[in-house]
Amino acid sequence: MTAPAPGASPDGATIGRSATVPGRGTGPGDPGAGRGVGVPERPGLEGLEAKWSARWEADGTYRFDRRAERADVFSIDTPPPTVSGTLHIGHVFSYTHTDTVARFQRMRGKAVFYPMGWDDNGLPTERRVQNFYGVRCDPSLPFDPGFEPPARPPTPALAVSRPNFVQLCERLTAADEQAFETLWRTLGLSVDWGLAYATIDEGARRASQRSFVRALARGEVYQQTAPTLWDVDFATAVSQAELEDRERPGAYHRLRFEGHGGGPAVEIETTRPELLPACVALVAHPDDGRYAPLFGASVRTPLFGTVVPVLAHPQADPEKGSGIAMVCTFGDTTDVVWWRELGLPTRTVVGRDGRLEPVAWGSPGWETEDPAGAAAHYAGLVGRTVRQAQAAIVEQLEAAGALVGPPRPITHPVKFYERGERPLEIVSSRQWFVRTLDLRERLLERGEELRWHPPYMAQRYRSWVEGLSADWNISRQRFFGVPIPLWYPLGTDGAIDFGHPLSPAEDRLPVDPSTDVPDGYRPEQRNEPGGFVGDPDVMDTWATSSLTPQIAGRWGHDEDLFARVFPMDVRPQAHDIIRTWLFTTVVRAEQEAGSLPWSDVAISGWVLDPDRKKMSKSKGNVVTPLPLLERHGADSVRYWAASGRPGTDTAVDEGQMKVGRRLAIKVLNASKFALGRLEGGGVPPLSAVSEPLDRHMLRRLATVVEEATGALEAYEYTTALERAETFFWVFCDDYLELVKSRAYGGPDAGRPGGPTLSARAALAAALSVQLRLLAPFLPYVTEEAWSWWQEGSVHRATWPGPADLALAPGADPAEDVLDVAAEVLGAVRRAKTAAKRSMRARVARLEVLDRSGRLDALRAARADLVDAGGIQELVLTETEGGGDVQVVLAVD
RNA sequence: GGGCGCUUAGCUCAGCUGGUCAGAGCAGCUGCCUUACAAGCAGCAGGUCGUCGGUUCGAGUCCGGCAGCGCCCACCA
């Protein structure tokens, strides 16, 4: 695939600018097909990031070739980081993993589609904007085109219109995104910045709304007024995927319900006595002998005198509490199940602000045997938070003698919105849902089809899908998000007709129903009887993020591009968002395309702080990457990151970064040495390699190439790095030492077929291959060293393969010459160290006793060994048993 | 309650389909200005591979029980 450099003469002793394709380096078996060799006097790490990242940008080194067919494309569904402040070291960790694979695939000849997205849509941004500018969104206010936020955040927060609020969100995230990009460029991510997107930008809004409108047409989304998980602080619905259990103290309160119509009294236990006014039934297990006689009977609630039935349901647990539960609308999700399955009435007391609402006792739905008493008791609760109401009602119950014994403190799991601070309530509201329950079997199959790295992560997806209990609620009562692209007709009486939503034509997208007008209506008909009203809600942030492959691939906007990249090759992501991002992306691709969104998913672990604790803002142990990059350099930080295997949590380890730095410096120095031997003489071809030591070294390298390639294909970047690195140190410590003298050469250094030329050719081939092997991990130093003697970027060079190391046929000793010679050299070093002598000390006599095969190998490297060890007399003695090396140092 | 992962030298971790597998790096210690590298180089020392049992001629390596740590899922009154 690579034409020989035009200036190259047959023996390779050439210098001349090659005419290779721009950005494309050498081909196999052609280690130096570029240009002259020029090595700096004192190579160093400083400044490499600035120098090369600018160069890569200028040269378009990582630009996606959109002419490539799908089979030649490697497409990455890059996670869009949340733009709500600063990146932490965990981002650097996982994005480096992806980058190593991206670089590998690029060098293998793939057109790599590697976009970057910014997740600026959603609650984290709203929150940051509120704090940063001291504002709050009031959707009832009109847009103020000239609005500028105060210089300092005012208290209380300034109310602004929704469009003004969104503008502030956009302004702040733009600044954040710039800072993020700078960091990514410093780290050396090989992203094509021309493909950047944001989850709130026009393309993302278009894709989200298009997907919604189409799903609506296919019946895959529906609206429903139903009990909904509700965060009272954020005043929005949340989905099952955003739930999190937290252990909280609580107490069992034992309440006595008097029998109604002559039945016996019943005692129940509840952790939420404040919901007593919302009680609609008692429930026990059908097989529970204690309560079976009561099924069908009724009891009276204490304080409120509501008559409620005693019913049977298998989900009641006889072991729990008194074995019979109070069903309220709604205390928890079990209440919802009972309410639905037993067809119970609704009596809501907790409002959307988390406070108890007024109730008309005695009116329909609120029947009671004692309206005045109920109202009197309830008056003490209205307007209070659930917490305050609980304290109040417990006092009332106690006074009424309905509380049996003192409350029994317990610790129990309570459901929270993952970003929330107070327990979730369940309120009835109108929301849009995506049908996921119907799709469960299909989604499980897709999970099996997907290739997981590491494989055991598939279990997490499986558990989640199997445990789905509700469809996906995608509407949020928030502001900075993609609007639900619908309007509703208003009846002549002004009532909203939710049953006939007005959906925009696809070519109108994206729309904002709060400013745009549905087809067939005029602007002045907004909110007027007989007119229309816009849906006030936005979509869940995951409803947009679940479309990242479609957004990045410009689905619906550039179908040619989309066809070349979708379904994508890999989704890299962390394990904590399998149930959200991964799951919802699979749902969307299944519904829209009937396929997986990607063939592989690479799950990265988390970064733990140096004490192996999970990093979190509240603990204050979050490590920011910039100081680390400045202190150690990008390659060093990348080296540390690449040492974390897929799926494995890894601690921040500056020691490991120092090791990386050492490796990076070593790459420069070893390159300097090897290329120093080529200066003036040019790069000899591989065919000049004749010495057995050189041949064995290259053979071993060929094995390393094979292993590293296989590992990277399987996303095992850590293994690839480890193999390349281990070989590289042997290459430096043993091979270079052994071959050094010969490589410098004597009078006949340039003789074709001679040992010096063999060494130089082997050095060139080995260096060329190793720089390419290490390029995905250490992009800066490898590029720097590559630039000393090669044309084009190492990152566009061809990934090394067998052709790079194909040796002419020849008879070599059976034993690995490098191994045996290095072992003997080691013994010599040991002797010198033990005698506290310099490595330069001469060896008067070296006797090696060993099997004949190993001695044969040694003979093949005899001159190298003698030079490297400073050996005056070398005696090789054949023995039957184990080998031995005797070293007699010369006297100074 | 169900499930997953981890448990190998002081630290961080490799050890694939069972038989040079008891390893690497860091830290520690001892030395060395060696013409690629003193932000280097050479070398030394360090572990009954969590625990109990099983399979096998042979087990960090396979199977089962247990323990500790971390995590996922769960209808948690």
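Remember, predicted model here, so these are calculated numbers, not experimental data. Chain identifiers are assigned alphabetically (A, B, ...) following the order of the sequence lines, protein sequences preceding nucleic acid strands; residue numbering begins at 1 within each chain.
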Output the single nucleotide from [options] whose closest atom is nearest the side chain of [X].
{"X": "A/Q459", "options": "B/rC4, B/rG31, B/rC75", "result": "B/rC4"}
{"X": "A/M839", "options": "B/rC75, B/rA77, B/rU34", "result": "B/rU34"}
{"X": "A/R840", "options": "B/rA77, B/rU34, B/rG43", "result": "B/rU34"}
{"X": "A/K320", "options": "B/rA77, B/rU34, B/rG3", "result": "B/rA77"}
{"X": "A/W338", "options": "B/rA77, B/rA42, B/rC73", "result": "B/rA77"}
{"X": "A/K666", "options": "B/rC37, B/rC4, B/rG43", "result": "B/rC37"}
{"X": "A/S463", "options": "B/rC4, B/rA42, B/rC73", "result": "B/rC73"}
{"X": "A/Y252", "options": "B/rA77, B/rA42, B/rA38", "result": "B/rA77"}

Could you state the [atom1]-[atom2] distance from [X] to [N], rounded to the nearest angstrom?
{"X": "A/D649", "N": "B/rC4", "atom1": "CG", "atom2": "C1'", "result": "13 Å"}
{"X": "A/H412", "N": "B/rA74", "atom1": "NE2", "atom2": "P", "result": "18 Å"}
{"X": "A/E466", "N": "B/rC73", "atom1": "CD", "atom2": "P", "result": "13 Å"}
{"X": "A/D653", "N": "B/rA27", "atom1": "CG", "atom2": "C1'", "result": "11 Å"}
{"X": "A/E737", "N": "B/rG43", "atom1": "CD", "atom2": "C1'", "result": "14 Å"}
{"X": "A/W640", "N": "B/rG25", "atom1": "CH2", "atom2": "C1'", "result": "17 Å"}
{"X": "A/W729", "N": "B/rA42", "atom1": "CH2", "atom2": "P", "result": "8 Å"}

Roughly how many Å apart are [M] and [N], using the [atom1] atom of each and rounding to a whole number?
{"N": "B/rC72", "M": "B/rC63", "atom1": "C1'", "value": "25 Å"}
{"N": "B/rC16", "M": "B/rC29", "atom1": "C1'", "value": "35 Å"}
{"N": "B/rG50", "M": "B/rG10", "atom1": "P", "value": "13 Å"}
{"N": "B/rA27", "M": "B/rG46", "atom1": "C1'", "value": "12 Å"}
{"N": "B/rG3", "M": "B/rA22", "atom1": "C1'", "value": "33 Å"}
{"N": "B/rG25", "M": "B/rG1", "atom1": "P", "value": "45 Å"}
{"N": "B/rU17", "M": "B/rG64", "atom1": "P", "value": "15 Å"}
{"N": "B/rC33", "M": "B/rA42", "atom1": "P", "value": "15 Å"}

Using atom types as modelled, flag every donor-acceptor pair under 3.5 Å from a side chain in residues 653-660 of chain A to any protein atom, sequence neighbours excluded.
residue	atom	partner	partner atom	Å
A/D653	OD1	A/G655	N	2.9
A/D653	OD1	A/Q656	N	3.2
A/E654	OE1	A/R631	NE	3.2
A/E654	OE1	A/R631	NH2	3.2
A/E654	OE1	A/H632	NE2	2.6
A/E654	OE2	A/R631	NH2	3.0

Which part of the nucleic acid does [X] contact within heavy-atom distance under 4.0 Å: base, sugar-phosphate only, or nothing?
{"X": "A/K740", "value": "base"}
{"X": "A/L736", "value": "base"}
{"X": "A/D576", "value": "nothing"}
{"X": "A/C328", "value": "nothing"}
{"X": "A/Q240", "value": "sugar-phosphate"}
{"X": "A/E722", "value": "nothing"}
{"X": "A/A651", "value": "nothing"}
{"X": "A/V659", "value": "sugar-phosphate"}
{"X": "A/R661", "value": "base"}
{"X": "A/R272", "value": "nothing"}
{"X": "A/G467", "value": "sugar-phosphate"}

Above 12 or not: heavy atoms from other molecules or residues under 6.0 Å from CD of A/E706? no
Salt bridge (Lys or Arg N to Asp or Glu O under 4.0 Å) with A/R700: of A/D734, A/D694, A/D816, only one passes, and it is A/D816
Anti/syn call for B/rG64, syn if |chi| within 90°: anti
If the glycosidic angle sits within 90 degrees of zero it is syn, else anti. Tell me which applies to B/rG5. anti
